[in-house]
Protein chains: 2
Amino acid sequence: MAQSKSIYSREYGVFLDLLRAERLAARMTQIDLAKKLKETQTFVSKCERGERRLDMIETRRFCIAIGANYPEFAAKLDAAIEQSAAAKRIAPRR
Amino acid sequence: MAQSKSIYSREYGVFLDLLRAERLAARMTQIDLAKKLKETQTFVSKCERGERRLDMIETRRFCIAIGANYPEFAAKLDAAIEQSAAAKRIAPRR
DNA sequence: AGGAAATAGTCTATTTTGGACTATTCCAAA
DNA sequence: TTTGGAATAGTCCAAAATAGACTATTTCCT
């Protein structure tokens, strides 16, 4: 099952969705990305599933490796979180 | 001494400088910020010194608590890292 | 179906963290 | 200058997160 361990917040989930979408948009596999980052596939997988949190700098490195613009990524993330918060307001969870 | 423990890329140092600068610009103490975040002063101190990493979402929360715009923060960070990289190119470390 | 590529999951030694408490630094008023 | 309080840093250690080799599953072709 997806995301069973450590992330938690809805916001972090939005981040993960965006991160993965960017890699896929660049038509890269986790192995491709891992090589560019000089990391393992396990590492990339864990990051994308939220089992390993990414800080601002690591995320920037991901963006660079993927060929995505980091400031734009952050802006998209911010907007997407706003969206998800709005959606939650309309259809509250509990 | 500052930053003797865990993070410590030049980039992360740039991030920390910016994060603290934003808090100070908002004229908030670590205790003020801690209260807004519902965290302890120790936590804020550790985050600002890089003893505790902040992920993308946590950083956004910091920005919101400080009253800073997150996408702008990311853009500033990106630019500042570029700067520091350029400086390093001119005056290499080793 | 069958195989290979892609991704997820497991395991454990190592590293990071949370937060109460303590120590230090800073700085303005006396 | 001293002094006192505000602000920040540092300590300790049980608990939680992480790394990465290895294995298992899932996904996609043909």
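Lettering of chains follows the sequences in order, A, B, ..., and the numbering in each one begins at 1.
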Fill in: Aromatic centroids of A/Tyr70 and A/Phe73 separated by under 6.0 Å
no
Worksheet item: Within less than 4.0 Å of OP1 or OP2 of D/dA17, is there a side-chain N or O belonging to A/Arg52?
Response: no
Discussion item. So A/Ser45, base contact, sugar-phosphate only, or nothing? Heavy-atom distance under 4.0 Å.
Written reply: base
Worksheet item: Do A/Glu58 and A/Arg52 meet the salt-bridge criterion of a basic N to acidic O distance under 4.0 Å?
Response: yes
Worksheet entry | Nucleotide D/dT18, atom P - distance to CD of A/Glu39 in whole Å | 13 Å
Practice prompt. In whole angstrom, give the distance that lies between atom CZ of B/Phe43 and atom P of D/dA9.
Written response: 15 Å
Item to complete: Output yes when A/Glu82 and B/Arg60 qualify as a salt bridge under the 4.0 Å nitrogen-oxygen rule, no when they do not.
Response: yes
Discussion item. Please tell me if B/Arg20 has a side-chain N or O lying less than 4.0 Å from either OP1 or OP2 of D/dA9.
Written reply: yes
Practice prompt. Could you tell me the separation between the OG atom of B/Ser45 and the CD atom of B/Glu39, rounded to the nearest 0.5 Å?
Written response: 13.0 Å
Worksheet entry | Terminal helix-axis angle for the helix from C/dA1-D/dT30 to C/dA30-D/dT1, with five pairs defining each axis and rounding to 10 degrees | 50°
Worksheet item: If you take all heavy atoms of B/Ala74 and A/Ala74, which pair is closest and at what distance?
Response: CB-CB, 3.3 Å
Worksheet item: Would a 4.5 Å heavy-atom cut-off, applied to side chains only, mark A/Arg23 and A/Glu48 as touching?
Response: yes
Worksheet item: Could you give the OH-to-P distance, from A/Tyr12 to D/dA17, as a whole number of Å?
Response: 13 Å
Worksheet entry | Sidechain N-carboxylate O distance under 4.0 Å for B/Arg27, B/Glu22 | no
Response to the item:
From CD1 of B/Ile31 across to C1' of D/dA9 the rounded distance in Å is 12 Å
Worksheet item: Side-chain N or O of B/Arg23 less than 4.0 angstrom from OP1 or OP2 on D/dT8?
Response: yes
Practice prompt. Measure across A/Ser9 and B/Arg61 and return the closest heavy-atom pair with its distance rounded to 0.1 Å.
Written response: CB-NH2, 3.6 Å
Worksheet item: More 5' along DNA chain D: A/Cys47 or B/Asp32, using each one's nearest nucleotide?
Response: B/Asp32
Fill in: Gap between atom CG of B/Leu24 and atom CG of B/Leu19 - 0.5 Å precision
10.0 Å
Item to complete: Using whole Å, report how far CD of B/Glu48 lies from P of C/dT17.
Response: 15 Å
Discussion item. Can you see if the side chain of A/Arg53 gets near the phosphate of C/dT16 - specifically, an N or O under 4.0 Å from OP1 or OP2?
Written reply: no
Worksheet, complete the sentence: Here the distance between atom P of C/dG18 and atom CZ of B/Arg49, to the nearest Å, is 13 Å
Worksheet item: Expressed in angstrom and rounded to an integer, what is the separation of A/Leu24 atom CG from C/dA5 atom P?
Response: 19 Å
Between the protein and nucleotides 20-24 of chain C, list the N/O to N/O atom pairs that are separated by less than 3.5 angstrom.
| from | atom 1 | to | atom 2 | distance (Å) |
| --- | --- | --- | --- | --- |
| C/dA20 | N6 | B/Thr42 | OG1 | 3.4 |
| C/dC21 | N4 | B/Thr42 | OG1 | 3.1 |

Fill in: Value in whole Å for how far the P atom of D/dA9 lies from CG of B/Leu33
12 Å
